[in-house]
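Notes for the one structure printed next.
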Amino acid sequence: AQSVAQPEDQVNVAEGNPLTVKCTYSVSGNPYLFWYVQYPNRGLQFLLKYITGDNLVKGSYGFEAEFNKSQTSFHLKKPSALVSDSALYFCAVRDNAGNMLTFGGGTRLMVKP
Amino acid sequence: KAGVTQTPRYLIKTRGQQVTLSCSPISGHRSVSWYQQTPGQGLQFLFEYFSETQRNKGNFPGRFSGRQFSNSRSEMNVSTLELGDSALYLCASSLFELSTDTQYFGPGTRLTVL
């Protein structure tokens, strides 16, 4: 069975500092990895995905993520955090056998001025 | 292009009642998935439909059911509501049913069971 772990319930960072939100996964075969963000009382917004190719994936709003096959990780990063980045972030994985998209428990990012 | 729309946005029901939620996917998208989001259990997959056929089903009791119509619109139904069914129900659509396809989410329906 596939699974995703987001080891930090909350990440605190000062505005202007770099941020990292961690994600590790377990899946049979090649993983397809996704990051989503959720603002209060809203649905999930797609940020970026890794399918194949370059291990560094660039996405929306200046976010990027690094795929590391040996560590089975897909950490979300941003060089300079904004207060408006404060939200709930979800990592998700899907295998190449057509099974469902599986989400991690989410990480709340708090960016303080 | 208009995004995924879900109706109603908010719903209050009492235990034992049934409820139907509706989802209209992005135009041209043929796959629709449903998720339940609660503070305790997080995001849990309910089911996925493609071309009116259920492709995947999550680990929910039979009280939860869904269907997809020929225009790709989808509905989910919960019968005999329980207090624990209170949640945000999210619908997502994608172009096809491929694992590489991005799922785009609607704003959700907030269901409260009293």
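Chain A is the first sequence line, chain B the second, and so forth, proteins listed ahead of strands; every chain is numbered from 1.
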Under a single-linkage definition using a 4.5 Å side-chain heavy-atom cutoff for Ile, Leu, Val, Met, Phe, Trp and Tyr, are [X] and [Y] assigned to the same hydrophobic cluster?
| X | Y | answer |
| --- | --- | --- |
| A:V4 | A:V11 | yes |
| A:F34 | B:F105 | yes |
| A:V93 | A:L88 | no |
| A:F74 | A:L47 | yes |
| A:Y50 | A:W35 | yes |

Tell me the residues of residues 107-114 of chain B whose non-hydrogen atoms fall below 4.5 Å from those of chain A, in number order.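 Listed by number: B:P107, B:R110.
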Inter-chain contacts: residues 62-95 of chain B against chain A, heavy atoms under 4.5 Å: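 Within residues 62-95 of chain B, the residues that come under 4.5 Å of chain A (heavy atoms only) are B:L88, B:L90.
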Only one of B:Y35, B:F47, B:F45 forms a side chain to side chain contact (heavy atoms under 4.5 Å, CB included) with A:M100, so which one is it?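 The side chain to side chain contact (heavy atoms under 4.5 Å, CB included) with A:M100 is passed solely by B:F45 among B:Y35, B:F47, B:F45.
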Leading residue by heavy atom contact count with chain B [cutoff under 4.5 Å; candidates A:N41, A:L33, A:N99]: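 With the most close heavy-atom pairs to chain B, the winner is A:N99.
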Around atom [atom1] of [X], are there more than 12 heavy atoms of other residues, nucleotides or ligands at under 6.0 Å?
| X | atom1 | result |
| --- | --- | --- |
| B:K57 | NZ | yes |
| B:R9 | CZ | yes |
| B:K13 | NZ | yes |
| A:R108 | CZ | no |
| A:Y61 | OH | no |

Hey, could you give me the CZ/CD distance between A:F46 and B:Q103, rounded to the nearest 0.5 Å?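 The CD atom of B:Q103 is 11.0 Å from CZ of A:F46, to the nearest 0.5 Å.
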Please report the interatomic distance CG(A:L48) to OG1(B:T102), rounded to the nearest 0.5 Å.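 The OG1 atom of B:T102 is 9.5 Å from CG of A:L48, to the nearest 0.5 Å.
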Please look at [X] and chain B and tell me whether the side chain, the backbone, both or neither of the residue comes under 4.5 angstrom of a heavy atom of that chain.
| X | answer |
| --- | --- |
| A:L44 | both |
| A:L101 | both |
| A:F90 | side chain |
| A:Q45 | neither |

Please classify the contact between B:Q37 and chain A as side chain, backbone, both or neither, with a heavy-atom cut-off of under 4.5 Å.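 Only the side chain of B:Q37 comes within 4.5 Å of chain A.
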Which answer fits B:E48, side chain, backbone, both or neither, if we ask what part of it has an atom under 4.5 Å from a heavy atom of chain A?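 Looking at B:E48, just its side chain touches chain A.
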Has A:Y32 got a side-chain atom pairing as donor or acceptor with B:L98's backbone, closer than 3.5 angstrom?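 Checking the backbone N and O of B:L98 against the side chain of A:Y32, no donor-acceptor pair under 3.5 Å is found.
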A:R94 and B:N56: which non-hydrogen atoms are nearest, and at how many Å?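 For A:R94 versus B:N56, the nearest heavy atoms are NH2-ND2, 4.0 Å.
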Taking all non-hydrogen atoms of both residues into account, name the closest pair between A:A97 and B:S99 and its distance.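 Reported closest heavy-atom pair: N-OG, 4.4 Å.
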